[in-house]
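Reviewing the structure listed below.
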Amino acid sequence: MAATHEAILANLTNAQRAAVTHRDGALLVLAGPGSGKTTVVTHRMAHLIAGGVPSWQILALTFTNKAAGEMGERMAAMLPRRLTGRGGPTVATFHSFCARQLRQFAEAADLAPRYSIYDEADRRDAIKQAMKQAEVDSTNFTPGAIGAAISNAKNRLLDAQAFAAQASGFREGLITRVYSAYEKILRANDALDFDDLLLRMVRLLRTDEQVRTQLQQRYHYLLIDEYQDTNHAQFVIAHTLAASHGNICVVGDPDQSIYGWRGADISNILEFEQQYSMAKVVPLGQNFRSTGHIVDAAAGLIECNKRRKSKRLYTELGAGERPAVVICRDEQHEAALVADFLRGQSEQHGVVWKEMAVLYRVNALSRVLEEALRTAEIPYVIARGTAFYDRKEIKDALAYLRVIANPNDEVSLRRIINTPSRGIGKTTLKKVELFAIDGQLRLLEALRRAGDMTGLTSRAVNAITKFVQMLEGCHNAAVVEVPRTLAGSKHLARLVEQVIRESGLESAYQRSPTEEDQQRLANLEELISAAAQFVAPPADEQGPELRLLDLLTAFLESVALVSDADLVDPQRGTVTLMTLHTAKGLEFSAVAMIGLEEGLLPHVRAADSESELEEERRLCFVGITRAKRRLQLSRAAVRTHRGIREPTIESRFLGELPAESIVLSDQAGEGVRLDHERDNAVEFPVGSIVRHPKFGLGRVESIMLRAVGASARVAFSTGGTKTLILDFAPLERVE
DNA sequence: CTGGTCATTTTTTTT
DNA sequence: AAATGACCAG
């Protein structure tokens with residue numbers, strides 16, 4: 001049954017209510033951490049529907065599948081049954097929404113309807129290939145750097161031509177050459193990378209008036225989640241869709257903008273009001289998640305950012321416990337202390353494992369933690385959504401499936417042509433390639449005609465023929481109509497099974513008795529069951545049946561677009577380990593953040609630019625604000641980095657936390673005396689007035705917590721500002 | 001053609 | 001430390 005207006009508005013604060021009841025026109029919700037953003041969003045949509053808006057006119061775009069799923073679920077709970085699923089609101093990630101539209105309007109978008117989506121690894125392969133073709137030396141320019149430049153260009157909506165037109169200098173000249181070679185490869189393979197999904201969608205909306213008006217009319221109310229993370233392409237998509245009606249609601253928090261490196265443009269949210277002069281702005285500053293000291297610590301930190309709209313953060317949940325700042329000897333010690341912290345939460349405070357998380361800046365830090373948690377017998381999962389699909393055997397199986405769905409996908413074809421090895425080696429492949437170039441053939445077509453080629457051993461011809469026949473057999477099996485229900489998924493699972501068996505992947509691992517290969521076999525089994533459970537998202541025009549090939553394509557698409565955050569399963573009874581980026585949008589009773597060191601957080605690569613430094617600070621802010629009740633921040637005095645053990649420098653962010661809202665604990669060795677250091681820091685909070693026998697009266701400007709001791713910057717009435725070590729300076733508090 | 005050893009390179013975050 | 005790539009012996 002449909003919720004009534006009153007039911008929808010019950011239990012909301014005035015600010016939340018203002019956002020929920022706003023109907024037409026632009027709306028900007030500035031949602032601080034823990035301010036009930038999802039509640040506002042879902043209630044707003046329910047409110048629109050209760051007010052007579054047909055639910056299928058609503059489009060909500062998010063960044064992760066998990067966010068989309070959660071939003072969809074919470075909304076479904078408020079809607080009558082018939083308004084969920086097809087006919088209900090569309091809730092999707094930017095990327096999957098675009099991927100689907102591009103298939104639906106494939107012809108208008110000038111695309112093969114079953115185009116492949118290349119993940120990071122495929123993209124890397126293709127860029128390497130492009131670099132070779134463009135004769136760019138990979139010793140001076142890594143594929144990673146060039147790939148990043150291309151990605152950047154695409155996010156700014158510069159295609160290869162447009163980039164070439166504005167390129168200047170040697171480096172950009174090189175990038176231009178690689179970019180156009182890369183584009184040729186993608187086009188020849190009927191493949192898109194992640195950035196293309198957005199870029200091509202923009203192009204479609206711009207060039208095809210019919211598609212544009214059709215989508216504008218269909219989606220009458222837009223909602224964009226995590227708006228601070230939108231890049232220029234996403235910005236254009238959102239505003240083009242909203243252009244005819246202006247009903248656009250964006251939700252976000254500039255202080256949580258952490259994807260600048262991916263082209264996210266923080267000015268999208270900072271300048272929303274200029275863009276829509278009639279926009280209503282609703283700030284949500286009250287935090288319903290964390291206790292006082294945690295909110296204070298976070299607020300104190302984020303105030304150090306200069307480019308920022310100031311916003312008061314507060315909570316009514318009581319002061320709670322102070323976050324602990326722990327200094328450890330090395331990373332093993334740090335991991336052990338994290339394990340102690342987690343166990344303490346469980347045993348002393350009754351916190352369940354799933355309410356705890358360990359956060360870090362870079363994935364590499366998870367390894368030591370894993371060991372420590374295993375020895376401490378604390379159950380954990382690492383949130384790496386792609387981890388499963390990154391495994392070699394899975395990538396191989398998926399490459400077979402991709403070639404079946406899209407025979408032009410040569411990056412995948414090359415991957416599998418001799419995996420498992422079937423006697424089609426380098427030399428043979430070279431010959432076939434030459435033959436293909438000669439006859440203007442696609443690689444697969446050339447393979448098909450291997451018999452016509454001169455200079456191949458009969459053994460090679462045999463191997464090739466068998467391989468091609470196998471692919472054709474699988475392809476033929478996929479040219480059938482299947483029901484659009486779970487029964488259809490059975491067919492999909494059977495197809496996956498057929499591929500795994502006939503490709504020889506299965507027998508290659510079956511032959512081996514090693515534990516590792518047995519695990520690979522089990523993983524392949526898991527892929528089959530993933531297929532069996534896959535249901536294609538509802539489409540606008542659909543019959544009861546679809547071709548198995550199209551179901552396969554949808555499956556491959558969903559696999560390509562999984563994110564790390566998607567793997568965070570709130571049902572699981574385990575501690576979650578993840579990067580700070582992945583943690584955005586989540587909350588836990590107890591959080592441990594590790595590696596608070598210069599070079600790690602803030603990361604080295606952000607050191608030389610003020611804006612990147614501010615982004616690192618926001619990242620730290622995001623981490624702190626994940627904690628509801630208890631927070632431990634730690635750093636190691638010594639850390640092994642790429643095989644080298646080195647002393648570390650404390651993160652500047654620790655010194656920026658208000659001293660009075662944290663507790664310092666030095667476990668690194670010589671630090672028995674650190675207990676009264678903490679007292680010192682508490683004794684002379686920022687703002688307090690102090691007397692020094694030599695310098696006279698002064699005001700404490702800031703407190704810095706160091707491994708060696710706390711120090712304070714004090715501005716004296718005599719005019720000078722001095723930094724004093726609290727342990728030694730003869731300071732006396734006056735007021 | 002395959003599977004091994006040795007040298008080189010990596011240096012963030014992710015849809 | 002770990003992963004990738006080049007090179008070489010069977």
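Everything numeric here is computed off the predicted structure, so don't read it as measured data. Letters A, B, ... mirror the listed sequences (proteins, then strands); counts begin at 1. Heavy-atom basis, side chains included; hydrogens, waters and symmetry copies ignored.
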Handout entry: Below 4.0 Å: OP1/OP2 of dT14(B) and any side-chain N or O of Thr64(A)
Key = no

Handout entry: Shortest side-chain distance from Thr582(A), nucleotide among dC1(B), dT14(B), dT10(B)
Key = dT14(B)

Distances under 3.5 Å between nitrogen or oxygen atoms of protein and nucleotides 8-10 of chain C:
none

Exercise for the section: Identify, residue by residue, the members of residues 362-372 of chain A with a heavy atom below 4.0 Å from DNA chain B, and return them in order of residue number, or none. Expected result: Val362(A), Asn363(A)

Exercise for the section: Classify the nucleic acid contact of Thr427(A) as base, sugar-phosphate or nothing, counting any heavy atom under 4.0 Å across all strands shown. Expected result: sugar-phosphate

Exercise for the section: For the residue pair Cys620(A) and Leu301(A), establish whether any side-chain heavy-atom pair is separated by less than 4.5 Å. Expected result: yes

Practice task
Identify whether the distance between the nearest side-chain nitrogen and carboxylate oxygen of Asp125(A) and Arg415(A) falls below 4.0 Å.
Solution key: no

Practice task
Taking all heavy atoms of Ile416(A) and all of Asp396(A), pick out the closest pair and write down the distance.
Solution key: CG2-O, 3.7 Å

Completion exercise
Note: for Glu612(A) and Arg459(A) on DNA chain B, the residue whose nearest nucleotide lies more 5' is Arg459(A)

Handout entry: Distance, rounded to the nearest Å, where Asp119(A) contributes CG and dT14(B) contributes P
Key = 14 Å

Exercise for the section: Please tell me if the side chains of Lys66(A) and Glu70(A) come closer than 4.5 Å, counting only heavy atoms from C-beta onward. Expected result: yes

Practice task
Mind checking Thr640(A) for me? I need base, sugar-phosphate or nothing, with any heavy atom below 4.0 Å counting as a touch.
Solution key: nothing

Fill in the blank from the handout: When Ile258(A) and Ser421(A) are each assigned the nearest nucleotide of DNA chain B, the 5'-most assignment goes to Ser421(A)

Problem - Parallel, tilted or perpendicular, as decided by the 30° and 60° cut-offs, for the rings of Phe97(A) and Tyr219(A) - result: perpendicular

Exercise for the section: May I have the distance from Lys128(A) (atom NZ) to dT4(C) (atom C1'), rounded to whole angstrom? Expected result: 7 Å

Problem - Euclidean distance, atom CG of residue Asp122(A) to atom P of dT15(B) [Å, nearest integer] - result: 15 Å

Problem - Given dT2(B), dT4(C), dT15(B), the nucleotide with the shortest approach to the side chain of Asn418(A) - result: dT2(B)

Practice task
Send over the distance from Trp261(A) CH2 to dT12(B) P, rounded to a whole Å.
Solution key: 10 Å

Practice task
Take the protein atom CZ of Arg123(A) and the nucleotide atom C1' of dT14(B), then report the distance between them rounded to whole Å.
Solution key: 11 Å

Handout entry: Integer-rounded Å distance: dT14(B) P and His95(A) NE2
Key = 14 Å

Handout entry: dT14(B) base stacked by Phe194(A) (centroids within less than 5.5 Å, tilt under 30°)
Key = no

Handout entry: Sub-4.5 Å side-chain heavy-atom contact between Cys304(A) and Arg652(A)
Key = no

Practice task
Send over the distance from Ile266(A) CD1 to dT13(B) P, rounded to a whole Å.
Solution key: 21 Å

Exercise for the section: Would you indicate whether the side-chain heavy atoms of Leu365(A) and Arg639(A) approach each other to under 4.5 Å? Expected result: yes

Handout entry: His603(A) side chain, from C-beta outward: closest of dT14(B), dC1(B), dT12(B)
Key = dT12(B)

Fill in the blank from the handout: Gln228(A) atom CD is separated from dT13(B) atom P, nearest whole Å, by 20 Å

Practice task
Output the single nucleotide from dT13(B), dT10(B), dT4(C) whose closest atom is nearest the side chain of Arg361(A).
Solution key: dT13(B)

Exercise for the section: Using the P atom as the reference point in each nucleotide, state the distance between dT13(B) and dT4(C) in Å, no decimals. Expected result: 15 Å

Exercise for the section: List for me each residue that meets side-chain hydrogen bond (donor to acceptor under 3.5 Å, both in side chains) alongside Arg262(A), sequence neighbours excluded, and say none if there are none. Expected result: none

Problem - Derivation of the side chain to side chain donor-acceptor pair (under 3.5 Å) call for Glu226(A) and Gln228(A) - result: CA-CA 5 Å; Glu226(A) 306 281 13; Gln228(A) 77 281 356; 2.8 Å; yes

Handout entry: Of Thr62(A), Asn231(A), Asp225(A), Ile224(A), the residue whose pairing with Phe94(A) passes side-chain contact (heavy atoms from CB on, under 4.5 Å)
Key = Ile224(A)

